[in-house]
2 protein chains.
Amino acid sequence: MRMTARPENVHQTRLLRLLRDEGARSRAELGDVVHLSRSKLAVELDRLVELGLVEPAGLAASRGGRRSNIVRLSRHLRLIGIDIGATSIDVAVTDGGLEILGHVSMPCNVREGPDVVLDHALDLVGKLRGQGLIDEIHGAGIGVPGPVSFREGVPVVPPIMPGWDRFPVREVISQKLGCPVLVDNDVNLMALGEVHAGLARSAEDFLLVKIGTGVGCGIVVDGRIYRGMSGSAGDIGHIRVDDNGPTCVCGNTGCLEAYFSGAALARDALAAARSGRSAFFAQRLEQAGALTALDVADAVAAGDPVGVRMVREGGRRVGQVLAGLISFFNPGLVVIGGGVAGLGHVLLAEIRSVVYRRSPPLATGNLPIVLSELGDTAGVLGATRLISDHIFSAT
Amino acid sequence: MRMTARPENVHQTRLLRLLRDEGARSRAELGDVVHLSRSKLAVELDRLVELGLVEPAGLAASRGGRRSNIVRLSRHLRLIGIDIGATSIDVAVTDGGLEILGHVSMPCNVREGPDVVLDHALDLVGKLRGQGLIDEIHGAGIGVPGPVSFREGVPVVPPIMPGWDRFPVREVISQKLGCPVLVDNDVNLMALGEVHAGLARSAEDFLLVKIGTGVGCGIVVDGRIYRGMSGSAGDIGHIRVDDNGPTCVCGNTGCLEAYFSGAALARDALAAARSGRSAFFAQRLEQAGALTALDVADAVAAGDPVGVRMVREGGRRVGQVLAGLISFFNPGLVVIGGGVAGLGHVLLAEIRSVVYRRSPPLATGNLPIVLSELGDTAGVLGATRLISDHIFSAT
DNA sequence: CGGCTTTGTCTTCTAAGAGGAGAAAGTTTG
DNA sequence: CAAACTTTCTCCTCTTAGAAGACAAAGCCG
């Protein structure tokens, strides 16, 4: 297995990240930014070309003098992002600059276990390869819907992933793909996606709240993922919002997830349909035979009062938890993402209303709370960013 | 004003911190730790001696060869820690190794405003000077009971400190003492104190929960204070624990502080005394004319059931909030400090019970929750640590 | 075409720091 | 007590990273 070359020093690392984040540059511009003498810069760039990470990209138009030599990341670099959700798998391939070249997905229940699920993921990679998008893979990032020991690359006691505990995800995939692999929690990777391409590019400390099948939170401190002592930081789905709430899968009562999540919305919509409180849901149930959070989004869009009330109520609960976390963490930005982004501004308005009322003015005075603009791509993009940061670092 | 010399490069910084944290060392031992050639090490140490930061301290006993030259931080280094609490001021002086040489305090209400309070603090410094403990002051750290713009060294919209908003604390004290000064939130400094001398020495990520007149939390990420976007991180006193709770000074209802804090305990003790529910408190009230949190501690020690119930109830509330924060932050250690440490193990048992029940097992599995062992000194010690880190850094 | 500007390459020079050779100052052993 | 061995410290040399400047190449404009 031929491992891709890695940069050899901190200068090469800086140059690679600059080319990744800001795109192709002339040698002169690079010198201005990294503050290296032109001679030293030339040495390092030549070395990167030799390693196959960087390539010349022709001459720029003259700006009144000699035309400058443009360099860019090698066009042959390929990174894979794999986002394993509770009910679906997304796989994307990007070039070195993290531009998405192809993106495929399929429904898949994570409960089917690591063997089945990872095989599906590899099939999706094969599909992309079949489209001619991949030659050699230089690295892959994988997100899984549960806590991860980042150092070891294995899930640890994941509640919704029976059979995955300590399964060597990194090792297996690294073997199969023949490249370096990193594994992290899917919500952390969504947060990294926002850091790379979303609204969080300028925020040093921010929170990404993902509301999907469950509820989780990615924490970014100083531009880097904060994972906590055992990799379970951001696990906010089971924070108590009310003593007398519904019983959660975790055994406690009143967990946020039991009040508001994809699963809880589907449950409540079904109840509303069966009890006859909502004609909208009753009709949907009859048509489809089942209800999901997507039906709730449609209900809100159609103005169904029961649906709107459900989302308002849920937004209030999320807002209560978020208000506490914002008091504690004082982030510079909060991004709401995940499947329920479709619930859109009704949800956002309710969350904002609670947070701005319940958190200290100093913490909320300059705090944007926004919906993610990345949609499905946040997870896979974050995965490629994670592995890119890794392979663009000196060993 | 003669500013103290600062180290000139990263090697000198490392050497100074090593001498501070590990005590005097021989030149050979230092070389082993910092991985410098003996020649380079000698150059840097000589430079530090020249700057007056380090001094020779004689010869060690032989270990089978030539006797080694011991070096230590200069005996003349003096750092001042000032901890301005809601109702008291503590001032301590330490040597370069942060050993406390003298510690004085006085009651003082922070509401009297910065002019009065800072004058009192300077008086306390004068008192220490009068004891012959101080020659030249090399730096001072100041903690105040509210949010601070750390970069500017000024309090920002502090709720319980009218008149302090944007008062130039750092500038004024730096002028008066003739040395570098840093200002921070008092809870952050307590956390730093624990990092330096307490149980948190080995924990990279931990929380210090201070329960005093109010409730606050110091957040340490990777061994460094996390302050958030606007310096208000850790402001957990106004997190909601119940919709139908007592009204808080902040205007909301059900804040943690309104349930459990020095002020809330005093209020509840008074109510218990007046209503005749507790003979213990009634008697104390008659003797002293007023009740404080200290009386509650005494009641618990004496086994008064009303007092015990108050603390249990309060511990439950603190535990609820803490359970959420631990789910979110996944710290490696939680230290409980502040005035209510006197409530001791009744409080701790209740907090632990709630947290271990309500937080995910992965986050609590390996999580010690302990009482601070530093008492009054945590704040002033953290203040000297803060300024020590600063003046022991290359500019 | 000649002067001016920008870019890239090559050579020279400096300073940081590693590493080794002793000198200095001990202890231990015969 | 002398010789052998250890540990510490100092001095000197050698390597290397990197800056700085000279110069060549390649464009613009009048």
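In what follows, every chain begins at residue 1, and chains take the letters A, B, ... in the order their sequences are listed. Only a predicted model underlies this, so the values are computations on that prediction, with no experimental measurement involved. Both backbone and side-chain heavy atoms feed into the values below; hydrogens, waters and symmetry mates do not.
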Legend entry - Which residues share a side chain to side chain donor-acceptor pair (under 3.5 Å) with A/Glu152, sequence neighbours left out: A/Ser149, A/Arg166
Inset, instruction - Assess the side chains of A/His196 and A/Arg385: does a donor N or O sit below 3.5 Å from an acceptor N or O? - result: yes
Inset, instruction - Indicate whether any N or O donor in one side chain lies under 3.5 Å from an N or O acceptor in the other, for A/Ser230 and B/Asn366. - result: no
Inset, instruction - Taking atom types as modelled, find out whether B/Arg17 and B/Ser388 have a side-chain donor-acceptor pair closer than 3.5 angstrom. - result: no
Inset, instruction - On DNA chain C, reading 5' to 3', which nucleotide is the first and which the last to sit with an atom under 4.0 Å from a heavy atom of chain B, could you check? - result: C/dG17 to C/dT27
Legend entry - Test ring pair (Phe, Tyr, Trp, His ring centres under 6.0 Å) applied to A/Phe329 - qualifying residues, sequence neighbours left out: B/Tyr226, B/Phe328
Inset, instruction - Hey, could you give me each pair passing side chain to side chain donor-acceptor pair (under 3.5 Å) that has a residue in residues 43-58 of chain B? Not counting sequence neighbours. - result: B/Glu8-B/Arg47, B/Asn9-B/Glu44, B/Gln12-B/Glu44, B/Arg27-B/Asp46, B/Lys40-B/Glu44, B/Arg47-B/Glu50, B/Glu55-B/Arg72
Inset, instruction - Check the distance between D/dA17's C1' and A/Gln12's CD and give it to me in whole angstrom. - result: 13 Å
N/O-N/O pairs, protein side and nucleotides 27-29 of chain D side, under 3.5 Å:
{"unit_1": "D/dG27", "atom_1": "N2", "unit_2": "A/Gly64", "atom_2": "O", "d": "3.2"}

Inset, instruction - Indicate yes or no: does B/Asp389 engage B/Arg20 in a salt bridge with an N to O separation below 4.0 Å. - result: yes
Legend entry - Pairing of A/Arg227 and A/Asp184 as salt bridge, 4.0 angstrom limit: yes
Inset, instruction - Report yes or no: do A/Ser26 and A/Asn69 form a side-chain donor-acceptor pair below 3.5 Å? - result: no
Inset, instruction - Using heavy atoms and a sub-4.0 Å distance, could you list which residues of residues 29-49 of chain B are near DNA chain D? By number, please. - result: B/Arg38, B/Ser39
Legend entry - Interatomic spacing from CZ in B/Arg25 to CG in B/Leu18 - rounded to 0.5 Å: 6.5 Å
